[in-house]
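Let me begin by presenting the structure, written as structure tokens, before commenting on it.
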Amino acid sequence: MSTPSKSLSTVYDPRSVEKRIYAMWENGGYFQPRADIGKGAYSIVMPPPNVTGVLHLGHALDSTLQDIAIRYRRLAGYSTLWVPGTDHAGIATQARVEQSLKQEEGKTRHDLGRENFVERVWTWKQEYGGTITQQIRALGASCDWSRERFTMDPGLSKAVREVFVTLYEEGLIYRGNRIINWCPRCSTALSDIEVEHEEEKGILFHVRYPLVDGSGALTIATTRPETMFADVAVAVHPADERYQAYIGKELRLPLSERTIPVIADEYVDPEFGTGCLKITPAHDPNDFEVGARHGLPMLQCINSDGKLTDLAGAFAGLSREEARLAVANALAEQGFLVEREEHDHAVGHCERCGTVVEPFLSDQWFVKMEALAQPALERARAGELTFVPGRFGRIFEQWLENVRDWCISRQLWWGHRIPAWYCDECGAITVSRDDVTCCSTCQSTRVRQDEDVLDTWFSSALWPFSTMGWPDNTADLERFYPTSTLVTGYDILFFWVARMVFMGVHFTGTMPFQTVVLHGLVRDAKGQKMSKSKGNGVDPMDVIEKYGADALRFTLATNTSPGNDQRFVWEKVEGSRNFINKIWNASRFVLMNLGDDFAPQALRVLELDLADQWILDRLQATIAEVSEHLNVYDFGEAARAMYDFAWDDFCDWYIEFAKIGLYGEDEQRKRSVQNVLYTVLTQLLTLLHPYIPFVTEEIWQALPKTSGALVAAQWPEPSTNWENADAVRKMSLVMDAIRAVRNVRAELQLAPSKSVSMRIECDTDRDKALFEQVRDMIQRFCHADDLVITVGGTAPVQSATQVVTGARIHIPLAGLIDMDAERERLRKEEKRLVSEVERLEKKLANAGFIAKAPADVVAAEREKLADYAAKLVAVRDRITSVAE
RNA sequence: GCGGCUGUAGCUCAGAGGGAGAGCACCACCUUGACACGGUGGGGGUCACAGGUUCGAUUCCUGUCAGCCGCACCA
């Protein structure tokens, strides 16, 4: 094992560390829930990525946030379980295997046959299924791989069957001939939410349909003239005076010899188009309803492959797109086309392949939503589910209030085959938990199983409990279900979260999780969505390769704010890498200064000096702040608190203060500082561990007397013993003084290496005592070889002067100082102070403010005014004494 | 049409009813015994606009404008 030490590189190298550390954790069983229940159970199920997919930044963000939540609870003493797994991703996986089949062998799945094809997909899964889980490991995810699940595992398949059959028996799953969303390219039905609507420019064709009796014509308006061969009526609004006389008459459908009736239906909007609506029940969901109301026939003129049927006569065989033009032209030639009007409308596209979705009449299986949505809704409204951020709760409820039945059958081969068998003898349907060999009605053995499989989201909806062994009553289910938190992107709120909720409520009687944390998308540097087609994607594995997993994690977690998108910028990763390197080097510093014989001891308050007291106060405040943010899943804010403490307070200030004690002669002082350094570092590493687990573990392993692994260490408690407002107040004065001197040095261009003399004139003996106490710090930080501290007195004219609370700091610079510049600087300072004083005087002169503002606010403002006023007096004095 | 998000420094973004913040970029200085993936100092913002509530608003409310996103869609 490499140890950070003097002999080692000053730059942390994640590549030499991460694999080894991960293997140590995984082989050590650290990711499995501890046996003793400790503070209680805390569990998360991982949103299962596509088994044959590769990791993208969205997964990386999602996994990082989950890992932070899990590692935090593990350190805090909970028995934690994070269940990983993958999803069979029906359409995507099938499409990929079909593609390779085509490329390599020039075959289609139909050439292979169902059984062989499915076997081929399983082989594919064996071969590529491990990629993404390996990538999740590379990220450092502390999930329990011994419990890894796949949606098509026997256990989970059993759960799917149980749910399907139960819902069928309850009448909540039914088979029906209805209009569904059909993707002609994927050749399967889709649910409503798998359709993406996009605004497109279209044409509204006005077409004249002549009356059979020759007494005139009605003009309908349609964007889809190619569907007119399946028209079965023209509808007008019953109250539309223009068309009263036409209701009940027959029209002759142009381009075909059929006649269709004019009907009246409230659905028609008289204001739109011509007020006459052609009714095509098999090709439009609204027309389907109208047709059903009026008992109209359902004719189909477009097939499942998107081409026109024989019903279209001469147009049969054309694609939908070709037919639209051809039909419009034919209508124009024959004088039926009255007008072409530009018309913007939203067109549905297949979420997966982008093909325009066809409303298609077919036999499909549906989940009846009302009975499932209602109880879920009631529980959500009763506050049984917490959303972070809260606004998603309303969006979630609105969706559940309006859901329509869920089409769950897919015309694919890869997935959970629908457990329904049709009898060729009597036509009955047998739905069963076990495979069926004979009809449950007539006992015939001439039964065949439904060809379709279930929507992948059907099995995902059961994930929180199916992964735990449901429907069996397992120990895990008992202990870890319902789960504590679900972390996922807001983009699958409806697809996944909502469905888990109603399935969980229905089948387990409880919400499947208590809290849902929704994060945003990771976009590219310009704010655009990353996509393969745009080629703007960033591979997380490249980031890990170049900067380490910790840097990637820290970048993603730091730049997240609840529910909002973030942009991926390489410079941010660089910043994270730099921070990690800073931690590494601060640790090296501590290690090389502890000495070989170091044994941590309890801190003895009396031995602590001001800087020690200050850093411990800051530490406990940081612990409290980080814990509070993590408790409410505010990952970004927690990270910021740690970053500021680590870099500013610990590295920039405390380590520099510590050097005084460390390099001094006082052995006891030295021990004391070593103990403080050790305490702060170990606790800081623990705080940081959920975000940057690798580097913190690596350092932890090198620290003396740390037993075991950091992954299983203890989260620090903020200790009230370390609260020390007095030390903080004093230190902030000291730091102000140091900054003031640095400022003078920089402005007067005094090289840092050039030492100076200093004279601090205090207002009171108390102030003098304070500066005497921190004399070493001031001299070291200001590089002052000579420091005089007095009460009152007069400084030489040839000095640069800074005024701080309670004192004036003079740096005598006879001959070196441009007094004109110094006077200018003082006047600038005077101006600043005057404006502050005026602002506060105005505020305090306001009677309303004095009367109504809280007393402590008024007091604080008065104190500020007094401070500024005193400084102003001092600055003016100085201006007078340096006047020419 | 309904609903939501965003608008703060050149860039990317935090923040909060009471003196405008960070990182990066920029300028100047510094090889000080953890770190140049570093240190010190500095410049830079009417917190989109207009009203309202309040002693006090960049923060809360309403509206406007701009950008983005859901949901529902009338052919």
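Just the heavy atoms: all of them, side chains too, but no hydrogens, waters or symmetry mates, feed the values below. Letters go in sequence order (proteins before strands), and every chain restarts at 1.
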Whole-Å gap separating [atom2] ([N]) and [atom1] ([X]):
X	N	atom1	atom2	value
A/Leu493	B/C71	CG	C1'	12 Å
A/Ile660	B/G33	CD1	P	16 Å
A/Arg745	B/C29	CZ	C1'	12 Å
A/Phe392	B/C69	CZ	P	15 Å
A/Phe554	B/C37	CZ	P	19 Å
A/Glu198	B/C69	CD	P	11 Å
A/Glu397	B/G4	CD	P	14 Å

Using a strict cut-off of less than 4.0 Å between a Lys/Arg side-chain nitrogen and an Asp/Glu carboxylate oxygen, indicate whether [X] and [Y] qualify as a salt bridge.
X	Y	result
A/Asp524	A/Arg567	no
A/Glu656	A/Lys659	yes
A/Arg739	A/Asp736	yes
A/Arg224	A/Glu358	yes
A/Asp644	A/Arg640	no
A/Arg320	A/Glu226	no

- Message: So, using ring pair (Phe, Tyr, Trp, His ring centres under 6.0 Å) as the criterion, who are the partners of A/Tyr633 when residues are at least two apart?
- Response: none
What contact category does [X] fall into here, base, sugar-phosphate, or nothing, at under 4.0 angstrom with non-hydrogen atoms?
X	answer
A/Arg404	sugar-phosphate
A/His343	sugar-phosphate
A/Tyr663	base
A/Ile655	base
A/Glu199	base

- Note on the structure: Those stems involving RNA chain B that have three or more consecutive Watson-Crick or G-U pairs, both distances under 3.5 Å, are B:1-7 with B:65-71, B:10-13 with B:21-24, B:26-30 with B:38-42, B:48-52 with B:60-64
Looking at the side chain of [X], which of [options] is the nearest nucleotide?
X	options	result
A/Gln749	B/A28, B/A75, B/C73	B/A28
A/Tyr643	B/C37, B/G23, B/C35	B/G23
A/Gln398	B/C71, B/G3, B/A75	B/G3
A/Glu571	B/A75, B/A34, B/C24	B/C24

Does the side chain of [X] get closer than 4.0 angstrom to OP1 or OP2 of [N] through an N or O atom?
X	N	answer
A/Lys659	B/A34	yes
A/Tyr12	B/G38	no
A/His197	B/C71	no
A/Asn578	B/G38	yes

- Message: The test is side chain to side chain contact (heavy atoms under 4.5 Å, CB included); show your working for A/Val756 and A/Val741 and say whether it passes.
- Response: CA-CA 10 Å; A/Val756 293; A/Val741 175; 5.6 Å; no
- Side-chain H-bond candidate by donor/acceptor type, A/Tyr209 with A/Asp231, under 3.5 Å: yes
- Pair A/Tyr490, A/Asn564: side-chain N/O donor-acceptor within cut-off below 3.5 Å: no
[atom1] gap between [N] and [M], integer Å:
N	M	atom1	answer
B/A28	B/U46	C1'	30 Å
B/C49	B/C35	C1'	47 Å
B/G21	B/U54	P	29 Å
B/A66	B/C26	P	35 Å
B/G63	B/G3	P	10 Å
B/G56	B/G67	C1'	32 Å
B/A25	B/G43	C1'	13 Å
B/G15	B/C60	P	11 Å

- Message: My understanding is that only one of A/Phe781, A/Phe650, A/Tyr663 makes a ring pair (Phe, Tyr, Trp, His ring centres under 6.0 Å) with A/Phe657; could you say which?
- Response: A/Phe781
- Task: Among A/Tyr643, A/Trp584, A/Phe645, find the one that has a ring pair (Phe, Tyr, Trp, His ring centres under 6.0 Å) with A/Phe579.
- Result: A/Tyr643
- Message: Each nucleotide in nucleotides 5-16 of chain B should get exactly one letter: B, S or -. Can you fill that in based on protein heavy atoms under 4.0 Å?
- Response: S------SSSS-
- Note on the structure: Reading nucleotides 39-46 of chain B from 5' to 3' and marking B where a protein heavy atom lies under 4.0 Å of the base, S where only the sugar-phosphate is that close, and - otherwise, the string is SSSS----
- The salt bridge (charged side-chain N to carboxylate O under 4.0 Å, His left out) partners of A/Asp284 (sequence neighbours excluded) come to none
- Contact check, residues 839-863 of chain A vs RNA chain B, heavy-atom distance under 4.0 Å, returns A/Arg839, A/Lys843, A/Asn846, A/Gly848, A/Phe849, A/Lys852, A/Ala853, A/Pro854, A/Val857, A/Glu861
- Message: Using heavy-atom distances to pick each residue's nearest nucleotide on RNA chain B, tell me which of A/Arg523 and A/Leu750 is more 5'.
- Response: A/Leu750
- Message: Heavy-atom nearest nucleotide on RNA chain B for A/Lys529 versus A/Glu656: which residue maps closer to 5'?
- Response: A/Glu656
- Task: For the pair A/Val207 and A/Val338, evaluate side chain to side chain contact (heavy atoms under 4.5 Å, CB included) and give the outcome as yes or no after the intermediate values.
- Result: CA-CA 6 Å; A/Val207 183; A/Val338 179; over 6 Å; no
- Item | 4.5 Å side-chain heavy-atom contact, A/Ile850 and A/Glu861 | no
- Message: Is it the case that over 12 heavy atoms from other parts of the model lie below 6.0 angstrom from the CZ atom of A/Arg242?
- Response: yes
- Query: Checking ring pair (Phe, Tyr, Trp, His ring centres under 6.0 Å) for the pair A/Phe272/A/His237: CA distance, chi angles, key distance, verdict?
  - Reply: CA-CA 11 Å; A/Phe272 189 90; A/His237 195 274; over 10 Å; no
